[in-house]
Amino acid sequence: KTELCCTQFIRDFSPITTRMAKIQKLPVHQEKLLGLCGQLKCCLKYELETYEEILKEMPDYGTRISTKFGRGIIYDHFILRRCFGVELEDTKRVECRLDEISVLR
């Protein structure tokens, strides 16, 4: 039997927004935002604070950085892994953690 957060421990259901889905890198089509219970995923609200806290530490897309692989630009965030997708000057793409980069000014 699958245990669902909405039946186990979440009692206060706040409205779910497309902004929450975008921050968590989910498709914003309503049918894709339905949980196993058939309702809009309550976990979007439940997990939002974690995503927002991690994103505060991360430089924005397009930020120029230096890495052990060379210089590049952040093109993606892998939020829960606390990693970035970096496109290097030679167009090679690598992943780096926050402690592996220096922001260029």
Side-chain angles (χ1 to χ4, degrees):
K1 180 180 175 184
T2 302
E3 293 186 13
L4 305 173
C5 56
C6 59
T7 61
Q8 295 299 311
F9 59 90
I10 295 178
R11 301 290 178 240
D12 180 27
F13 294 97
S14 301
I16 305 302
T17 66
T18 55
R19 177 183 161 276
M20 292 175 191
K22 287 178 183 178
I23 288 173
Q24 296 177 46
K25 299 178 101 179
L26 297 170
V28 293
H29 303 304
Q30 186 167 343
E31 64 275 3
K32 302 257 183 174
L33 294 178
L34 296 179
L36 292 174
C37 59
Q39 301 298 316
L40 287 176
K41 292 182 178 179
C42 50
C43 55
L44 288 179
K45 176 65 176 168
Y46 181 74
E47 296 170 351
L48 182 64
E49 187 176 320
T50 300
Y51 278 83
E52 289 176 328
E53 286 299 313
I54 294 170
L55 277 171
K56 284 180 188 177
E57 303 170 9
M58 300 179 116
D60 294 329
Y61 293 138
T63 300
R64 293 181 35 78
I65 61 170
S66 178
T67 75
K68 64 183 178 184
F69 305 107
R71 292 179 176 210
I73 294 176
I74 294 174
Y75 74 89
D76 203 355
H77 293 135
F78 307 111
I79 299 167
L80 294 180
R81 293 192 332 236
R82 289 182 163 86
C83 291
F84 308 97
V86 179
E87 184 170 317
L88 302 173
E89 290 175 338
D90 65 2
T91 69
K92 181 179 175 187
R93 290 185 168 194
V94 296
E95 283 187 28
C96 294
R97 293 186 320 267
L98 186 58
D99 63 351
E100 297 177 322
I101 68 165
S102 298
V103 175
L104 299 174
R105 302 283 173 201

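- With rounding to the nearest 0.5 angstrom, the CZ atom of R71 is 16.0 Å from the CD atom of E87.
- A continuous path of Ile, Leu, Val, Met, Phe, Trp and Tyr side chains, each step under 4.5 Å between heavy atoms, connects L98 with Y51, placing both in one hydrophobic cluster.
- To the nearest 0.5 angstrom, I65 atom CD1 is 4.5 Å from I74 atom CD1.
- Between T67 and C96 the shortest heavy-atom distance is CG2-SG, 3.8 Å.
- By the neighbour-count criterion of 12 heavy atoms within 6.0 Å, atom CD of E49 is sparsely surrounded, having that number or fewer from other residues, nucleotides or ligands.
- A salt bridge does not link D90 to K92: none of the charged nitrogens lies less than 4.0 Å from a carboxylate oxygen.
- Here K56 contributes atom NZ and I54 contributes atom CD1; the two are 11.5 Å apart, rounded to the nearest 0.5 Å.
- To the nearest 0.5 Å, atom CG of residue L80 and atom CD of residue E47 are 7.5 Å apart.
- Contact annotation: the side chain of T63 never approaches that of M58 to less than 4.5 Å [non-hydrogen atoms, C-beta and beyond].
- D76 has its side chain within reach of Y61: a pair of non-hydrogen atoms, C-beta onward, lies under 4.5 Å apart.
- Between I101 atom CD1 and R64 atom CZ the span is 13.0 Å, to the nearest 0.5 Å.
- The nearest pair of heavy atoms linking G70 to L88 is O-CD2, 3.8 Å.
- At distances below 3.5 Å, at least one donor-acceptor pair connects side-chain atoms of K25 with backbone N or O atoms of H77.
- If you take CG on L48 and CG on L55, they are separated by 9.5 Å, rounding to the nearest 0.5 Å.
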Report task. Show your working on side-chain contact (heavy atoms from CB on, under 4.5 Å) between I23 and E52 and close with a plain yes or no. Result -> CA-CA 8 Å; I23 288 173; E52 289 176 328; 4.0 Å; yes
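- Side chains of V86 and F69 form no contact here, defined as non-hydrogen atoms less than 4.5 Å apart.
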